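Here's the structure, in structure tokens; my notes come after.
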Amino acid sequence: MAKYNRSSENIWFLDFEGNKAGEVFLAGVLHSGRFKQVVLDERLSGLASQHSMELKTPIEFISKMIDEVRKVDGVIAAYSNVERDTIEKLFEDIGREAPTYNYCNLHAAAKMWVKKHKKQEFADLPPLKKTAKPYEAKRHPYSLASVIRLLGHNAPSDYAIGKTTKRINSVIDGLRAKGGVYQNLTTTKKRQATQLLKHNKFDVESLPSLLDEIASTDLVLFSKSGWMPVIDG
């Protein structure tokens, strides 16, 4: 079986943390083995200062990234089309059309991989969250945290699918009440901020190993992802 050599390609693994209203608060990015998080909302400036993270507007952040991607004919890889749609909306909001760039929806490839090569193994996995309510459980089957278990990676115990926006809002409320000073937040608010960052970091850092595994199995699995990796030799 050919082994996929990701080092020969320029891939920006991206995960936004936002809400259904289209607001974007945080971005996690992994490129060339370097992971970073960028705060994208001024209301979270206290969080940025506390963790020495960059604070940028969403359009500043994504414009620079796309420029970097385009210069080397790279690709932005994410676990859905949400990031792509968010990028389109950011440019639309300033009256511009988004530049063309390569984009990979790894969720599409992962779903085909599971169905064609891991069906029984996936079916044998326990529920992602035993206490999940029926509505919540429907969001779990092909979620990144669920699929990545096939590679032996488990999300942190406080990962909590569907609670990211609630945590963001809580931290924003806390910073507003404390004059933007992170150190003045309550223990609960600080814990929620830490959980938010951990959640985002886990998602981003799960993407490379998943892409490697799928690409090494069968490149055809990327046929619906919007981008096709290349096997050296």
Side-chain angles (χ1 to χ4, degrees), residues 1-18 24 26-38 61-62 65-66 68-70 72-89 98 100-119 121-122 125 128 138-156 159 161-162 164 198-232:
M1 180 185 297
K3 231 12 186 175
Y4 175 60
N5 179 18
R6 176 165 37 86
S7 64
S8 66
E9 300 188 282
N10 269 294
I11 305 175
W12 279 255
F13 295 97
L14 172 67
D15 182 51
F16 282 131
E17 302 300 342
V24 189
L26 177 78
V29 186
L30 177 63
H31 176 244
S32 296
R34 295 186 293 273
F35 173 77
K36 71 174 182 178
Q37 290 172 315
V38 181
F61 165 76
I62 201 58
M65 176 182 288
I66 290 178
E68 293 172 348
V69 170
R70 285 162 57 91
V72 295
D73 194 28
V75 60
I76 293 175
Y79 197 71
S80 71
N81 281 326
V82 170
E83 278 66 26
R84 183 200 64 189
D85 295 343
T86 299
I87 292 169
E88 294 286 332
K89 182 65 165 53
T100 57
Y101 61 95
N102 297 317
Y103 185 88
C104 176
N105 174 5
L106 194 51
H107 177 268
K111 200 167 184 179
M112 290 182 68
W113 173 65
V114 169
K115 290 183 175 180
K116 290 189 175 183
H117 300 278
K118 298 289 182 178
K119 190 172 183 178
E121 290 177 58
F122 195 58
L125 289 173
L128 183 60
K138 287 181 181 180
R139 307 177 63 176
H140 295 175
Y142 285 99
S143 67
L144 179 57
S146 183
V147 171
I148 202 66
R149 292 181 297 168
L150 292 169
L151 300 184
H153 305 312
N154 292 301
Y159 184 80
I161 292 177
T164 304
K198 281 173 58 181
H199 182 114
N200 177 262
K201 189 172 190 287
F202 175 81
D203 280 354
V204 176
E205 293 189 337
S206 295
L207 296 176
S209 55
L210 183 59
L211 186 148
D212 291 353
E213 180 67 26
I214 298 171
S216 295
T217 301
D218 185 358
L219 292 183
V220 174
L221 298 171
F222 286 84
S223 60
K224 296 182 179 180
S225 73
W227 173 80
M228 187 76 70
V230 176
I231 295 290
D232 287 345

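This one's a predicted model, so the numbers in the text were calculated from it and none came from an experiment. We're numbering straight along the sequence, starting at 1.
Closest approach of T100 and R70 over heavy atoms only: O-NH1, 2.6 Å. Contact record, L150 with L125: CD2-CD1, 3.9 Å, taken as the closest heavy-atom pair. L210 and W113 make their closest contact through CD1-CZ3, 3.8 Å (heavy atoms, listed as atom of the first residue, atom of the second, distance). In terms of heavy atoms, M65 sits closest to I76 at SD-CD1, 3.9 Å. Between P208 and E205, the shortest heavy-atom contact is CD-O, 3.5 Å.
Ring pair H199/Y159 is parallel by interplanar angle, where below 30° counts as parallel and above 60° as perpendicular.
When side chains are defined from C-beta on, V114 counts as touching V147, because their heavy atoms get closer than 4.5 Å. Contact of the E213 side chain with the L151 side chain is registered, since non-hydrogen atoms from C-beta on lie closer than 4.5 Å. Looking only at side-chain heavy atoms (C-beta outward), F222 and L106 come within less than 4.5 Å of each other. At a threshold of 4.5 Å between non-hydrogen side-chain atoms, the residues L30 and L207 do not count as touching. Between E68 and Y101, the closest side-chain pair of non-hydrogen atoms is not below 4.5 Å. Residues L221 and H117 form a side-chain contact, since some pair of their non-hydrogen atoms from C-beta on lies under 4.5 Å apart. Contact of the F61 side chain with the F16 side chain is registered, since non-hydrogen atoms from C-beta on lie closer than 4.5 Å. Between M228 and L219, some side-chain heavy-atom pair lies under the 4.5 Å cut-off.
Atom-to-atom distance recorded for E88:CD and Y103:OH is 10.5 Å, nearest 0.5 angstrom. Taking CG of L128 as the start and CD1 of I148 as the end, the distance is 12.0 Å to the nearest 0.5 Å. In this structure, L14 CG and E83 CD are separated by 5.0 Å, a value rounded to the nearest 0.5 Å.
Donor-acceptor pairing under 3.5 Å is recorded for the side chains of N102 and D73.
The backbone N or O of Y142 sits nowhere less than 3.5 Å from a side-chain atom of S146 that would complete a donor-acceptor pair. Of the possible polar contacts, one joining the N200 side chain to the D15 backbone as a donor-acceptor pair under 3.5 Å is found.
In this structure, K198 places its NZ atom where more than 12 heavy-atom neighbours from other residues, nucleotides or ligands lie under 6.0 Å away.
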